[in-house]
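A short write-up of the structure that comes next.
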Amino acid sequence: MAIVTDSIVDVGTYTTFNIGLSKAISNYTAEEVWNFPYCSSQWEYYKHIGQFETKPLMDFAPGGTGDGTNELFPLKYTGRNDMYYPQTYWFDPGEIEYNNPNGIYCRVIWLYGSNEQIANLLTGKRRSIYGTDGFKIVTQMDMTKVFIFLDNFHLEPWTNSANVNNINTLNYDNFKIKEEHDDITSYSHPRNCSIFPVVMFKVNDKLYLHLLFQRLYESLDWSWGLNASQNTSPDHAQGWEWDAQPTSFDGSEGCYFPVNIGRDFGGLRPQNVESFHTPTDITDIGAMYQWYYYGQTGGRINPVTEQAYLKLASWYGGMFYHNGKYYKPIIEGGYVTGYTDDMTVPSDIDNWIGNTNHDVPPAPPGPAPGPYDDDEWNGATFAGTGVGGAGAFAKVYYMTSTELANLRSWMNSINVPEGFDPMQQIIGLSQVPVALSGSGPENVVFVNSSAVYDPGVTTRAVDTGVATQQAMGTPISYYLGSVDIVRRMQERGEPYLDYDCQIELYLPLIGMFSLDTQAVMGRTISAYAVLDPVSGTLAAYAYVTKGGQNLPIAYGSTTIGVDLPISAQQLSVSRAALKQANAQLGASLLSGALTMLAAASTGGKSSGSGAKTSTGSSGLSAAGIREAGSDYMKASQVGNVFGDFMNWGRTIRQLSYGNNTAVTGSFGGSTAQWSYPFTPYVKIIRPRYEKPSNYAHSQGVPCVQTKTIGSCTGFIQCIGADVSGITGATDLELQAIQAALSNGIYAGGGQ
Amino acid sequence: MTFQFGTNSSSNETLHKSISLGSEISCIVKDPIDVMSPYLIVKSSEVELTDNYALSSDTGRYYFIVVEDLPGGRRGVQCTVDPLMSFASGIDALNVNVERYEGATESDIYDSGVCLTARNEVVIESFSGCEFAKASDNNARTYILTVAN
């Protein structure tokens, strides 16, 4: 949605930029409005205290009456020259997109307005962001690369221009955090309105959200209904007020601001946030916004009765990250009423309203961290295996060694039709190390392509009579089984060490794969193999499954079929021998005839030795032919022309077909790899550790939560505790207490 | 100043210590008076050499003590304030960021205090239910003959 007029700004060089919607708000569709990244599609128009009237956003479109009740979101609406902010009266949502030189896309969205507008917003309860114990709001990206936010934006164009961070003068300092420590008490008219800053980043096609108000739980000095004097003290502006809905604006309810970001969180500024989380699967994105209003002493907003108040009627929420999960606010009536733990299921411990002790909730929203995380996957669906095959012009048989021997015998027999060369019909012969079942029994059948076509003959098939299995012609899928990657280290008491494990996977005959521990830990790995018998290719893949979705973790292929040396190349030699035999037979017959003639003339009888001599080795070099030649020689020893003729016929047949299994090819592939395991396995290398039996008692367990010490029992260690609230102690004693807390104490009489 | 002497059976790092104190005794505090480490002079019969803890109702503070014999039937008591016990209620009310806690549940948070050994555990776990292995049992072989069709 393009709602920015100048949307692409090189933040490294820009000086000014325009903001605002690319068209009048009235020209946006409801869907577009809903998709505004910062706001609601509907606002409640608050005419009178306690009286709300719901109106769609469109009703606040520009071009209203100008009396302050019907405008919302005009672009740079400057027509009003009221008593406060003539330059920017109404909310002016803006969005800007950047492309920085590093290719990281970021987007900054903001709202700003006058004190009145902000105060109006604050007439609704705001529990927009709640930093809690264990509920960190952290950035979702590596802040060392890019970070932009608008810090404590002050809009005072007419009172203190030196401190005005006008939208046109913001200094992003080349992706570094803009340090602003404006002391709002120093303003003569401290009508400071903080923009919410929300920063969304897009990295590798994923958007990440950064909320400026992170780790607010660090300061739980809740600001409840600050009075006028408190308003002047930013120190009271730490944390979020819990119930920010005033019953009236009479000047005593104070203001409602969550935090003086620029002042009180110096040590907790985003650049110092110690943990950044690598985003994984962010499936939704939005923007949070937050406002605060700081009223000036003696001059706080005291709106007239008919002043319009606005509050959000719904929310386009952002997400929070905690312990590997993402939470999204649940918005009801413009309030954040809870959080989802998986973006769909409401959490059941989000009764913020009922929490009256201002302490942190006992546990973060959502279910307690379990052995498995709830990362959403966009899993892969593997294709079926019913593809491929030999095709229409080939037929595949799965044969046993006995069947293959039978076929060889047939090919060497005189049952081979004359003129038919079965070798020419063989496309390939290979061997695989598994037992295959075909589609059904069938004799090996050749096609005698050399047979003369006879319309009266229905087939030229040559049935060998060798029974075997006809192959299905499709790859065969094997389930390789599964294995559970158990969180053994969790069972042993150190869950985090599960992720220090190294896991390797062996896929049969393919090899080893290093797995992503994060992806497989605590899950079940399953694997399949697919064998293409024709090509001998074996492909295998392994995956983990969650929610019906498969996450592939390893896949590969190899060739396990071994080509056997069957070839028709010998045929040429055979034909050459045949040709020579014909010539020799002719000579023999001629010789025999001459001998017969001579015998007739001499009365002698030929010994046929000439034939033997003449046939001799006969130049047949191939073994089979030589053997056949030997047969011929024996046959020729019959010693008469008729016998020679008959032998010739047999010899011709044998010469032609007796060598059909002769080979000149070589083995393709190796059977050596068949000695590898056929069952997958995982190799898991787990860390070992040593820990004293009283470790938890003497040193504690990492906690990273905010607690009252009184609620704890046993060893507790708190570094940097603020002990200034302890009354009656000397400075030395306070230091001693702080040091003791840093070193660890036993709370609750735990020792 | 009045003190109660007795014993503390808890470790010094315990916030709410288990103590047993006697009755209040008026003590002479040796100059210079230091509320954090006063030196007391009491009668031998009023404090035992085995006492290790004291409470001053005047200062509202608990003290670790070391008792020593002095001439003239007196004993000297060197006190050192125990700020944990003395301000236990204030400390209990502190809302702090807990780095480590005995009662915390083991989690996926790294614990740098655990020593990893150089020798790891290596295990091999085979897949179960492998059909491919069954298909290759007994040195099964299949010859794939492809012929023209």
Side-chain angles (χ1 to χ4, degrees), chain A residues 393-399 404 425 427-436 478-481 483 495-496 529 533 678-682 684-691 696 699-703 705-710 714-719 721 726 729 733 736-737 745-747 749 751, chain B residues 10-11 13-18 35-36 60 81 83-84 86-87 90-111 113-117 119-133 135-136 140-149:
Chain A
F393 299 101
K395 183 179 288 183
V396 181
Y397 297 101
Y398 296 158
M399 305 183 73
L404 191 63
Q425 303 303 311
I427 298 173
L429 178 64
S430 62
Q431 188 180 15
V432 294
V434 291
L436 301 178
Y478 295 97
Y479 179 55
L480 295 180
V483 66
Y496 56 92
F678 279 61
T679 301
Y681 63 83
V682 289
I684 305 175
I685 303 176
R686 294 190 176 95
R688 294 177 187 267
Y689 64 91
E690 296 291 343
K691 194 169 69 171
Q699 300 185 50
V701 175
C703 178
Q705 291 183 359
T706 300
K707 294 176 177 293
T708 53
I709 293 179
F715 182 88
I716 180 173
Q717 186 178 27
C718 341
I719 297 175
I726 299 175
E733 287 170 329
I737 292 171
I745 65 169
Y746 294 101
Q751 173 95 342
Chain B
S10 302
S11 72
E13 294 78 21
T14 300
L15 187 56
H16 297 278
K17 295 178 173 64
S18 177
V35 70
M36 295 184 63
V81 70
L84 292 181
S86 301
F87 303 98
I91 296 173
D92 273 340
L94 291 179
N95 205 17
V96 296
N97 295 328
V98 181
E99 301 289 335
R100 302 182 72 90
Y101 177 39
E102 180 178 350
T105 305
E106 301 283 0
S107 69
D108 286 334
I109 302 173
Y110 269 92
D111 187 350
V114 174
C115 294
L116 301 180
T117 64
R119 184 168 63 91
N120 292 328
E121 171 189 277
V122 181
V123 296
I124 300 292
E125 296 186 15
S126 294
F127 281 47
S128 59
C130 180
E131 298 173 351
F132 191 55
S136 63
R141 301 286 185 269
T142 299
Y143 295 90
I144 315 298
L145 177 68
T146 308
V147 300
N149 191 17

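Worth knowing before you read on, the calculation uses all heavy atoms, side chains too, and leaves out hydrogens, waters and symmetry mates. A quick note: this is a predicted structure, and the numbers were derived from the prediction, not measured. Letters A, B, ... are given to chains in the order of the sequence lines, protein chains preceding strands, and every chain is numbered from 1.
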Separation between CD of B:Glu102 and OH of A:Tyr746, rounded to the nearest 0.5 Å: 7.5 Å
Check: A:Thr708/B:Asn95 side-chain N/O donor and acceptor closer than 3.5 Å: no
Contact leader toward chain B among A:Ala435, A:Gly710, A:Gly481, where contacts are heavy-atom pairs under 4.5 Å: A:Gly481
Minimum heavy-atom distance between B:Phe127 and A:Leu480, given as atom pair plus value: CB-O, 3.4 Å
Part of A:Leu436 lying under 4.5 Å from any heavy atom of chain B: both
Pairwise distance CD1(A:Ile684) to CG(B:Asn120) - rounded to 0.5 angstrom: 12.5 Å
Which of B:Ala93, B:Gly90, B:Gly129, B:Gly103 touches chain A most, by non-hydrogen pairs under 4.5 Å: B:Gly129
Under 3.5 Å donor-acceptor, B:Thr146 side chain and A:Val396 backbone: no
Straight-line distance of A:Ile709 CD1 to B:Ile91 CD1, nearest 0.5 Å: 6.5 Å
When B:Glu121, B:Met36, B:Glu125, B:Glu99 are compared by non-hydrogen pairs under 4.5 Å with chain A, the top option: B:Glu121
Closest non-hydrogen atom pair between A:Ile737 and B:Pro83, with its separation: CG1-CB, 3.7 Å
Shortest non-hydrogen contact from A:Val483 toward B:Ser126: CG2-O, 3.9 Å
Chain B contacts, top residue of A:Pro495, A:Ala721, A:Ala729 (heavy-atom pairs, under 4.5 Å): A:Pro495
Closest heavy-atom pair and its distance - A:Thr679, B:Ala133: OG1-CB, 3.2 Å
A:Tyr496 side chain reached by B:Val114 side chain, heavy atoms, under 4.5 Å: yes
Minimum side-chain heavy-atom gap B:Arg100-A:Pro702 below 4.5 Å: yes
Best-contacting candidate, A:Pro533, A:Pro680, A:Pro687, against chain B by heavy atom pairs under 4.5 angstrom: A:Pro680
Separation of A:Glu733 CD from B:Phe87 CZ (nearest 0.5 Å): 4.0 Å
Portion of B:Val81 that has a non-hydrogen atom of chain A nearer than 4.5 angstrom: side chain
Atom pair SG (B:Cys130) and OH (A:Tyr479), whose distance is rounded to the nearest 0.5 Å: 9.5 Å
Sidechain-backbone polar pair: B:Arg119 side chain, A:Arg688 backbone, donor-acceptor under 3.5 Å: no
For A:Gln431 against B:Tyr143, the heavy-atom pair lying closest together: NE2-OH, 3.3 Å
CG-NZ distance between B:Asn97 and A:Lys707, expressed to the nearest 0.5 angstrom: 11.5 Å
A:Tyr398 vs B:Ile144 side-chain heavy atoms within contact, under 4.5 Å: yes
